Amino acid sequence: MKNIIRYSLIFLFTFLVLQFKSQAQCKVLKPEITGTYEGKCKNGLAHGKGVATGTDRYEGQFLKGLPNGYGTYTWAGGNVYTGEWIDGMRHGIGKYTVKTSTGDSVQNGLWQKDIYSGPKPRNPYVTDKTGVSRYDFQKNQTSMNRVLLDITVSGTHNQQLSNVLMSSSSGTETKLGNLTGYDFVVFPVTIKITYTSTSGFHSYPINVRFEFEIFEPGDWTVSIDN
């Protein structure tokens, strides 16, 4: 019985030492929250869900040592931001609460590179749709202003397109693998695409027309399926 207790204590001590060593080697690169860290780690950097505490405190998603994704940041003075982050900066939709002597002051809306830029924009809006069975708007976690279109048929990449015409109110045409769209977009943006495709069973042609508006800046992927 004594041996069991002794080995259990040795195991617990070893586990705690390794855990402490692992956390000590896991760096957070934002100076204000560099101190202690508890959470997931990759290649010596905070990566995944975690909590970092220094002068300030952050709880949420990390990427390569910086707040990235969704999380809550609490400043030493009591101000709090809950929302989206990119590269250690408030970027995306979030709520910033400032403590004042007369009560809380709230900024709720869109942030770009740590700067508040106004109320939350409207959701993407489809203005015209013909020959489309499904569509989806996905905002990606990067700081780019880009819109890419993923055109599929029955859920797989559509290689049977013809008579393709695409236009945008801003941006420069670009391609990324099977995706096509626009870089350097100024939002709000209106994009229209028309093309001819075969049906899901490749039995007859379909004339597709899809026009939409995106109001919120960001890196967007728009999926269109027919």
Side-chain angles (χ1 to χ4, degrees), residues 23-100 103-124 136-148 168 170-172 174 176 179 181-189 191 213-222:
Q23 298 304 327
Q25 293 176 344
C26 194
K27 294 181 180 179
V28 174
L29 300 182
K30 190 173 178 67
E32 297 84 356
I33 54 174
T34 299
T36 61
Y37 174 76
E38 296 180 8
K40 295 186 177 180
C41 194
K42 184 177 180 181
N43 298 327
L45 296 174
H47 193 98
K49 190 174 182 180
V51 179
T53 305
T55 306
D56 303 331
R57 182 182 187 274
Y58 173 81
E59 181 175 358
Q61 295 293 324
F62 285 84
L63 179 67
K64 296 181 180 179
L66 290 170
N68 209 305
Y70 190 88
T72 297
Y73 191 105
T74 304
W75 281 261
N79 298 343
V80 178
Y81 171 85
T82 299
E84 297 175 317
W85 294 79
I86 289 181
D87 298 334
M89 295 180 290
R90 292 167 289 181
H91 195 92
I93 300 299
K95 178 181 178 181
Y96 179 48
T97 303
V98 179
K99 301 294 183 181
T100 70
D104 292 346
S105 174
V106 177
Q107 288 179 312
N108 200 345
L110 182 66
W111 298 77
Q112 296 190 69
K113 296 183 177 180
D114 244 1
I115 298 173
Y116 180 70
S117 60
K120 180 180 178 181
R122 294 166 54 191
N123 291 330
D136 181 63
F137 294 87
Q138 179 68 46
K139 186 182 177 186
N140 306 304
Q141 288 293 328
T142 78
S143 58
M144 299 182 67
N145 284 329
R146 177 175 66 182
V147 179
L148 294 173
S168 174
S170 68
T172 303
T174 187
L176 182 64
L179 309 183
Y182 295 90
D183 272 329
F184 311 111
V185 172
V186 177
F187 293 88
V189 63
I191 295 177
E213 293 181 70
I214 298 179
F215 304 91
E216 179 182 343
D219 181 8
W220 292 87
T221 300
V222 182

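Worth saying up front: this structure is predicted, and the values here are computed from it rather than measured.
Residue Trp220 holds its CH2 atom at 11.5 Å from OG1 of Thr142, rounded to the nearest 0.5 Å. Atom CG of Leu29 is separated from atom CZ of Phe62 by 10.0 Å, given to the nearest 0.5 angstrom. A distance of 7.5 Å separates CD in Glu38 from OG1 in Thr53, rounded to the nearest 0.5 Å. Interatomic distance, CD1 of Ile191 versus OG of Ser170, reported as 7.5 Å (0.5 Å rounding). Rounding to the nearest 0.5 angstrom, the gap separating the CD atom in Glu216 from the CG atom in Asn145 is 10.5 Å. Remark: Asp114 CG to Asp87 CG distance equals 11.0 Å, nearest 0.5 Å.
Here the closest heavy-atom approach between residue Leu176 and residue Arg146 is recorded as CD2-NH1, 4.1 Å. The shortest non-hydrogen separation linking Leu148 to Gly181 is CD2-N, 4.0 Å. Pairing each heavy atom of Ile93 with each of Lys120, the nearest pair is CD1-CG, 3.6 Å. Taking all atoms of both residues into account, the shortest heavy-atom contact from Tyr37 to Gly50 is OH-CA, 3.7 Å. In terms of heavy-atom proximity, Lys95 sits nearest to Asn108 at CB-OD1, 3.9 Å. Counting all heavy atoms, side chain and backbone alike, Phe187 lies closest to Ile214 at CD2-O, 3.5 Å.
The main-chain N or O of Lys99 is found under 3.5 Å from a side-chain atom of Asn79 such that the two form a donor-acceptor pair. Listed for the Asp56 side chain is a donor-acceptor partner under 3.5 Å among the backbone atoms of Ala76. At least one donor-acceptor pair under 3.5 Å links the side chain of Thr34 to the backbone N or O of Val28. Side-chain N or O atoms of Gln138 include none that pairs as donor or acceptor with a backbone N or O of Thr221 at under 3.5 Å. In this structure a side-chain-to-backbone donor-acceptor pair under 3.5 Å is present from Ser117 to Leu110. Not one N or O on the side chain of Lys42 forms a donor-acceptor pair closer than 3.5 Å with the backbone of His47.
Heavy-atom neighbours of Phe215 CZ from other residues, nucleotides or ligands within 6.0 Å: above the threshold of 12.
Between Tyr81 and Trp85, the ring planes lie perpendicular to each other; the angle is over 60°, past the 30° to 60° tilted range.
Here Lys139 does not pair with Asp219 in a salt bridge; the nearest charged N to carboxylate O distance is not below 4.0 Å.
Side-chain contact check for Tyr73 versus Ile33: some heavy-atom pair is nearer than 4.5 Å. Counting only heavy atoms from C-beta outward, the side chains of Asn68 and Gln61 never approach each other to under 4.5 Å.
Under a cutoff of 6.0 Å and an axis angle of 45°, Arg90 and Tyr96 form a cation-pi pair.
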